[in-house]
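What follows is one structure encoded as structure tokens, with my remarks underneath.
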2 protein chains.
Amino acid sequence: MTLEQAKQQFIQTWGNFGTQWGINRSMAQVHALLLVSDQSKCTEDIMTELSISRGNANMNLRELMNWNLIYKETVPGDRKEYFRAEKDMWEVAKRITKERKRREIEPLQQHLTELKKVEQSYDSIAFVATIENIERLVNRLDGLSNTLMKADEHIFFGKILNLLK
Amino acid sequence: MTLEQAKQQFIQTWGNFGTQWGINRSMAQVHALLLVSDQSKCTEDIMTELSISRGNANMNLRELMNWNLIYKETVPGDRKEYFRAEKDMWEVAKRITKERKRREIEPLQQHLTELKKVEQSYDSIAFVATIENIERLVNRLDGLSNTLMKADEHIFFGKILNLLK
DNA sequence: CAATATTTTCAATAATAATTGAAAGTTGTG
DNA sequence: CACAACTTTCAATTATTATTGAAAATATTG
């Protein structure tokens, strides 16, 4: 397998896994392309190399910036914007965690809190108990994300993986 | 908010979060419905209560069984199959973890191992290093899932959440 | 500030994924 | 074993999501 083939393969694979996680294929592929590229790339490069449209490239680059997974770079004497990916995968994990906490865990916590305001009755007891079980789990996932975001990789995994030894 | 409204709200909310995670809305809703229902329910009940077709209900019930999140139950004197959800949310978390490990982490590990077989060259060094960084993270997530699946909730979260105190 | 390069937007279109429902298959019953 | 009850399948349809590309907006240069 040549380097070029391997990179293509990786982009393909990353794209497929992305879709399984509710991330659109193009966004995952743009991310993958930048992860395995030494030089930063401009929109034009990305359009060409992934055979996607300008609009698509632009939109997903912007979204990757929102997730803090890529940076803009400027090249002296060139007007275009160039993009580079964060390569430290522990950083990547932390940033994804931070964003998912904000977009998913926190809204879910809000919804669950609301649901507990159901009017009390004999039948509502079991319902509230179920919601509270879900809430407990979600709160713990939240605690886990907070810990992960603060910890360094070594401490985080080191301690966890020793849990049951 | 009446109990009925709260249950409907929960089903709605669970469905929406599901779609964000690459789980189809109906499957998440069927799961939600069974989570908040005291009695086990047959296909007909589910079709009616969620206003979905027989095929849809059947397919998603089967998929929830594959994930080990619901059980079949039989009612004496009734031919129909009834379904009940696992209500222990720590169990639910463990089972989802187990399944995601099998469906996502393990195949990804395989792919990454393959990619390292790229032919060596000056340029491939950086590529392999990036793949190895990704691999390290994925392996640790794998270790984390293994630990979670074996641990009980109290031990698992107790120790983690004390990490940085 | 006009000319040009570049980025952004967004309505239209295409691709993908979910859903339906009727037909085929299966299982249990008298 | 014929019938009825129930479950499963799957081609067709519908709904959702992603993508395109041209036009509008913005930024940069001389």
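Just so we're on the same page: letters track the sequence lines, and every chain starts at 1. Bear in mind that the values here come from a model prediction, so they are computed numbers and not experimental data. Hydrogens, waters and symmetry mates play no part in the numbers below; they use all other heavy atoms, side chains included.
Hydrophobic cluster membership for A:Val75: A:Tyr82 (Ile, Leu, Val, Met, Phe, Trp, Tyr linked by side-chain heavy atoms under 4.5 Å, directly or transitively). A:Ile125 belongs to no multi-residue hydrophobic cluster, having no ILVMFWY side-chain contact under 4.5 Å with any other such residue.
A:Asn139 and A:Arg136 form no side-chain donor-acceptor contact under 3.5 Å, judged by distance and modelled atom types alone.
Evaluation of the side chain to side chain contact (heavy atoms under 4.5 Å, CB included) rule for B:Ser121 yields B:Asp123, B:Ser124 as partners, not counting sequence neighbours. Checked against ring-ring contact (aromatic ring centres under 6.0 Å, His included), A:Phe83 has no partners two or more places apart in sequence or in another chain. For B:Glu132, the side chain to side chain contact (heavy atoms under 4.5 Å, CB included) partners at least two apart in sequence or on another chain are B:Lys116, B:Val128, B:Glu135. Not counting sequence neighbours, B:Trp67 has no partner by the ring-ring contact (aromatic ring centres under 6.0 Å, His included) test.
The phosphate of D:dT7 has neither OP1 nor OP2 within less than 4.0 Å of any side-chain N or O from B:Asn58.
Rounded to the nearest 0.5 Å, atoms CD (A:Glu114) and CE (B:Met1) are 6.5 Å apart. Going from atom NZ of B:Lys72 over to atom CD of B:Glu81 covers 3.5 Å, rounded to the nearest 0.5 Å. Rounding to the nearest 0.5 Å places CG of A:Leu108 at 9.5 Å from OG1 of A:Thr113.
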N/O-N/O pairs, protein side and nucleotides 28-30 of chain D side, under 3.5 Å:
from: D:dT28; atom 1: O2; to: A:Arg79; atom 2: NH2; distance (Å): 2.9
from: D:dT29; atom 1: O4'; to: A:Arg79; atom 2: NH2; distance (Å): 3.3

Would you tabulate the pairs of protein nitrogen or oxygen atoms and nucleotide nitrogen or oxygen atoms of nucleotides 16-20 of chain D closer than 3.5 angstrom?
from: D:dT19; atom 1: OP1; to: A:Ser26; atom 2: OG; distance (Å): 2.8
from: D:dT19; atom 1: OP2; to: A:Asn24; atom 2: OD1; distance (Å): 3.3
from: D:dT19; atom 1: OP2; to: A:Ser26; atom 2: OG; distance (Å): 2.8
from: D:dT20; atom 1: OP2; to: A:Ser53; atom 2: N; distance (Å): 2.7
from: D:dT20; atom 1: OP2; to: A:Ser53; atom 2: OG; distance (Å): 3.0
from: D:dT20; atom 1: OP2; to: A:Asn56; atom 2: ND2; distance (Å): 3.1

Practice problem: Show the numbers, then the answer: is there a side chain to side chain donor-acceptor pair (under 3.5 Å) between A:Glu63 and A:Asn60? | Solution: CA-CA 5 Å; A:Glu63 188 62 1; A:Asn60 286 302; over 6 Å; no
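Contact record, A:Ser145 with A:Ile105: OG-CD1, 3.6 Å, taken as the closest heavy-atom pair. The two residues A:Pro107 and A:Lys101 make their nearest non-hydrogen contact at CD-O, 4.2 Å.
Contacts between chain B and DNA chain C, taken as any atom within less than 4.0 angstrom of a protein heavy atom, begin and end at C:dA18 to C:dT29.
Within a heavy-atom distance below 4.0 Å of DNA chain C, no residue of residues 36-49 of chain B is found.
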Between side-chain atoms of residues 33-42 of chain B and protein atoms elsewhere (two or more places apart, or another chain), which donor-acceptor pairs fall under 3.5 Å?
from: B:Ser37; atom 1: OG; to: B:Gln39; atom 2: O; distance (Å): 2.4
from: B:Ser40; atom 1: OG; to: B:Glu73; atom 2: OE1; distance (Å): 3.2
from: B:Lys41; atom 1: NZ; to: B:Glu49; atom 2: OE2; distance (Å): 2.9

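You'll find the ring centres of B:Trp21 and B:Phe17 outside the 6.0 Å limit.
In the helix from C:dC1-D:dG30 to C:dG30-D:dC1, the end axes, each obtained as the rotation axis mapping the C1' atoms of four pairs onto the next four within a five-pair block, lie 20° apart to the nearest 10 degrees.
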